[in-house]
Visitor: 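Sending over a structure as structure tokens; questions will come in a sec.
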Amino acid sequence: MQPATGDDIESEGAKRGHNNSYSSGSTYVIEETETQWTSWLVPMFVVANIAVFVVVMYINNCPKHQQVGPDGKCVAKFLGRFSFEPLRENPLFGPSSSTLRKLGALDRTKVVHDHQGWRLISCIWLHAGVIHLLVNMLSLVFIGIRLEQQFGFVRIGILYLLSGFGGSVLSSLFIQNSISVGASGALFGLLGAMLSELITNWTIYTNKAAALFTLLVVVAINLALGIVPHVDNFAHIGGFLTGFLLGFVLLPRPQFGWLGRQNLPAGSQIKSKYKPYQYVLWLVSLVLLIAGFAVALVMLFKGENGNDHCHWCHYLTCVPTSSWDCNNVA
């Protein structure tokens, strides 16, 4: 973004490719001293996820274990040890669940009883298959690069990692019988941060009602798509809530006129960097974030099952229909 005058506006938005697409078209006023960061962390995250997937496929080595396996032949055998598991085992063109579990997939039993808390982070770098990886990385590029350009790599990096961690924690509390992998919780965190960023910086935006409506619809649609089997909607919800609260903490913009206050007459200079409601949102969100993580982690490592405290919550990740059941979800 080149330096602009106070009358300039810049379109702010992002397109989302995780399960579906989204965009936010709100505009905000740019001050002369506001600059744009160069995005490098998000591309590095993309490269790292792809590299990890390649390593996972190399270790998986489908032809070796399928020689004696009952599930059929490997897919794309011309890839050698990088070929995919039979589609009846993994329809996303990826490794076996045993390989993912061995390399760091989120497994409640191993986290709680084997004290492998590192899986709460490692799982967000693993993906179940090429389709899973492609969808998540496209989403990360569309939303992450734009946010990093606006707010810098430190804040977006913290948002991404903590949102992924928050998604893993909530998933571990409720998902008992299956493993979970993927960056979806972190991506939902970025989406949640977009929503809270719009709210906390409400006064500097135009078209804000339309932007808010669009984001709310996008959130509702994406969460609704998570009620089908084999989709860890608890990771989505946990990541979204973490990112939503972190957005109030990390992404408030100074009120208009603050950055150029030295050029204003002495009597008209702005005395506070942020508006009062931004300070209130910052404090409340920080308290809720710390309290939420503390309670959730204590419950998790005490071995408590979240479903015992919320008997209807299992419907948040799977709703049984005539087309599928949810017997093995929670």
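Residue indices begin at 1 and follow the sequence shown. Remember, it's a predicted structure, so these values are computed and weren't measured experimentally.
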Visitor: According to side chain to side chain contact (heavy atoms under 4.5 Å, CB included), who are the partners of V217, at least two apart in sequence or on a separate chain?
Guide: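 With sequence neighbours excluded, V217 shows a side chain to side chain contact (heavy atoms under 4.5 Å, CB included) to F213, I221, given in chain and number order.
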
Visitor: So, Q150 versus R155: side-chain donor-acceptor pair below 3.5 Å or not?
Guide: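 R155 and Q150 do not have a side-chain donor-acceptor pair below 3.5 Å.
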
Visitor: Tell me if a side-chain donor or acceptor on N201 pairs with a main-chain N or O of L251 at a distance below 3.5 Å.
Guide: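 Pair found, side chain donor or acceptor close to backbone of L251.
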
Visitor: Got a second to check how far C310's SG is from L316's CG, nearest 0.5 Å?
Guide: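 It is 6.5 Å, given to the nearest 0.5 Å.
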
Visitor: For a 4.5 angstrom cut-off between non-hydrogen side-chain atoms, does T317 reach I227?
Guide: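 With C-beta onward as the side chain, the pair stays apart.
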
Visitor: Does S122 have any side chain to side chain donor-acceptor pair (under 3.5 Å) partners at least two apart in sequence or in another chain, and if so, which?
Guide: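 Partners of S122 under the side chain to side chain donor-acceptor pair (under 3.5 Å) test: none.
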
Visitor: Under the rule for side chain to side chain contact (heavy atoms under 4.5 Å, CB included), what residues qualify as partners of S180, not counting sequence neighbours?
Guide: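 Result, side chain to side chain contact (heavy atoms under 4.5 Å, CB included) vs S180: L106, S171, D232.
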
Visitor: Considering non-hydrogen atoms only, spot the tightest contact between S97 and I179 and give its length.
Guide: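 Taking S97 first and I179 second, the nearest heavy atoms are O-CD1, 3.7 Å.
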
Visitor: Applying side chain to side chain donor-acceptor pair (under 3.5 Å), can you list everything that pairs with S39, at least two apart in sequence or on another chain?
Guide: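 With neighbours one apart ignored, the set is E148.
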
Visitor: I want to check something: taking the side chain as every heavy atom from C-beta on, are L41 and P43 in contact at a cut-off of under 4.5 Å?
Guide: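 No - every pair of side-chain heavy atoms lies 4.5 Å or more apart.
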
Visitor: Of all the heavy-atom pairs spanning I156 and G144, show the shortest one and how long it is.
Guide: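 Minimum heavy-atom contact is CG2-O, 4.5 Å.
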
Visitor: OG1/T38 to CD1/I145 distance, rounded to the nearest 0.5 angstrom?
Guide: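 Reported value, rounded in 0.5 Å steps: 11.5 Å.
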
Visitor: Which residues satisfy the side chain to side chain contact (heavy atoms under 4.5 Å, CB included) test with P320, sequence neighbours excluded?
Guide: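 Partners of P320 under the side chain to side chain contact (heavy atoms under 4.5 Å, CB included) test: Y315, C326.
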
Visitor: Which residues pass the ring-ring contact (aromatic ring centres under 6.0 Å, His included) test with Y277, sequence neighbours left out?
Guide: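 Testing Y277 for ring-ring contact (aromatic ring centres under 6.0 Å, His included), a comparison that skips the adjacent residues, returns none.
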
Visitor: Does any non-hydrogen side-chain atom of H236 lie less than 4.5 Å from one of N222?
Guide: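 Not touching, per the 4.5 Å side-chain cut-off.
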
Visitor: Just by distance, do the side chain of S163 and the backbone of Y160 share a donor-acceptor pair under 3.5 Å?
Guide: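 Side chain of S163 to backbone of Y160: no pair is present.
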
Visitor: Minimum heavy-atom separation for I124 to N49, with atom names?
Guide: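 Smallest interatomic distance, heavy atoms only, reads O-OD1, 3.7 Å.
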
Visitor: Do N307 side-chain atoms and F174 backbone N/O form a donor-acceptor pair below 3.5 Å?
Guide: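 Yes, because the side chain of N307 sits within donor-acceptor range (under 3.5 Å) of the backbone of F174.
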
Visitor: Nearest 0.5 Å, please: how far is CG in L170 from CG in L241?
Guide: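 Going from CG on L241 over to CG on L170, the span is 7.5 Å.
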
Visitor: Which residues satisfy the side chain to side chain donor-acceptor pair (under 3.5 Å) test with D107, sequence neighbours excluded?
Guide: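 Side chain to side chain donor-acceptor pair (under 3.5 Å) check on D107 returns R101.
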
Visitor: Closer than 3.5 angstrom, by distance alone: can the side chain of T99 be matched with the main-chain N or O of N60 as a donor-acceptor pair?
Guide: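 Answer holds: no.
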
Visitor: I'd like to know if the side chain of T200 reaches the main chain of S196, judged simply by a donor and an acceptor atom lying under 3.5 Å from each other, with no hydrogens or angles considered.
Guide: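 Looks like no, no N/O pair under 3.5 Å.
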
Visitor: Taking a hydrophobic cluster as the set of Ile, Leu, Val, Met, Phe, Trp and Tyr residues connected by side-chain heavy atoms closer than 4.5 Å, whether directly or through intermediates, do V47 and V54 fall within one such cluster?
Guide: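 Each belongs to a different hydrophobic cluster.
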
Visitor: Is there a side-chain contact between L87 and V75 in this structure, where contact means two heavy atoms from C-beta onward sitting under 4.5 Å apart?
Guide: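 Yes; the side chains approach each other to less than 4.5 Å.
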
Visitor: Considering residues at least two apart in sequence or located in another chain, which fulfil the side chain to side chain donor-acceptor pair (under 3.5 Å) criterion with T203?
Guide: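 Residues passing side chain to side chain donor-acceptor pair (under 3.5 Å) with T203: none at all.
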
Visitor: Just how far is it from atom CG of L162 to atom CG of L250, taken to the nearest 0.5 Å?
Guide: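 If we round to the nearest 0.5 Å, L162:CG and L250:CG are 8.0 Å apart.
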
Visitor: Could you tell me which non-hydrogen atom of P86 sits nearest to which non-hydrogen atom of C62, and how far apart they are?
Guide: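 Result for this residue pair: CD-SG, 4.3 Å.
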
Visitor: Indicate yes or no for a side-chain donor-acceptor contact from N90 to the backbone of P95 under 3.5 Å, with no hydrogens or angles considered.
Guide: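 Here the side-chain-to-backbone pair exists.
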
Visitor: Would one find more than 12 heavy atoms of other residues, nucleotides or ligands at under 6.0 Å from atom CH2 of W202?
Guide: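 Result for CH2/W202: enclosed.
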
Visitor: Just how far is it from atom OG of S83 to atom CE of M57, taken to the nearest 0.5 Å?
Guide: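 Separation between the atoms: 6.5 Å.
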
Visitor: Using distance only, find each side-chain donor-acceptor pair of residues 285-304 under 3.5 Å and give its atom names and separation, not counting sequence neighbours.
Guide:
unit_1, atom_1, unit_2, atom_2, d
S285, OG, L281, O, 2.8
E304, OE1, H309, NE2, 2.7

Visitor: Who pairs with F53 by ring-ring contact (aromatic ring centres under 6.0 Å, His included), at least two apart in sequence or on another chain?
Guide: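 By the ring-ring contact (aromatic ring centres under 6.0 Å, His included) rule, F53 matches no residue at all.
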
Visitor: Heavy-atom distance under 4.5 Å between the side chains of F165 and T242, does that happen here?
Guide: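 Side chain of F165 against side chain of T242, heavy atoms only: no contact under 4.5 Å found.
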
Visitor: Dump the intermediate steps for ring-ring contact (aromatic ring centres under 6.0 Å, His included) on F151 and W37, then the final yes or no.
Guide: CA-CA 7 Å; F151 297 101; W37 298 75; 9.9 Å; no

Visitor: Start with the C-alpha gap between K102 and I59, add the side-chain angles, then the distance that decides, and say whether side chain to side chain contact (heavy atoms under 4.5 Å, CB included) holds.
Guide: CA-CA 10 Å; K102 178 174 67 176; I59 295 174; 4.0 Å; yes

Visitor: With sequence neighbours excluded, give me every ring pair (Phe, Tyr, Trp, His ring centres under 6.0 Å) pair touching residues 96-127.
Guide: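 Counting only pairs at least two positions apart or across chains, the ring pair (Phe, Tyr, Trp, His ring centres under 6.0 Å) contacts touching residues 96-127 are F45-W125, H127-H132.
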
Visitor: Kindly write out the residues that satisfy side chain to side chain contact (heavy atoms under 4.5 Å, CB included) with V219, not counting sequence neighbours, or none if the list is empty.
Guide: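 Side chain to side chain contact (heavy atoms under 4.5 Å, CB included) check on V219 returns L191, L223, F240.
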
Visitor: Return the orientation label for the F82 and Y58 ring planes: parallel under 30°, perpendicular over 60°, tilted otherwise.
Guide: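 F82 and Y58: tilted rings.
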
Visitor: For W282 and V249, indicate whether the former's side chain and the latter's backbone hold a donor-acceptor pair under 3.5 Å.
Guide: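 Indeed, once roles are kept as given, a pair shorter than 3.5 Å links the two residues.
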
Visitor: Between R119 and K110, is the side chain to side chain contact (heavy atoms under 4.5 Å, CB included) condition met? List the steps.
Guide: CA-CA 8 Å; R119 290 178 179 270; K110 292 187 178 296; 3.2 Å; yes

Visitor: Compare all side-chain heavy atoms of L190 with those of L140 and state whether any distance is below 4.5 angstrom.
Guide: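 In contact.
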
Visitor: Is the closest side-chain heavy-atom distance between V42 and L147 below 4.5 Å?
Guide: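 The answer is no; the side chains never approach within 4.5 Å.
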
Visitor: Within this structure, what is the CG-CG distance for the pair L195 and L212, rounded to the nearest 0.5 Å?
Guide: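 These two atoms lie 6.0 Å from each other.
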
Visitor: Is L198 close to L215 at the side-chain level, that is, under 4.5 Å between some pair of heavy atoms?
Guide: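 Sidechains of L198 and L215: in contact.
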
Visitor: Looking only at atom types and distance, does a side-chain atom of R108 sit under 3.5 Å from a main-chain N or O of S172, one as donor and one as acceptor?
Guide: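 Checked: pair present.
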
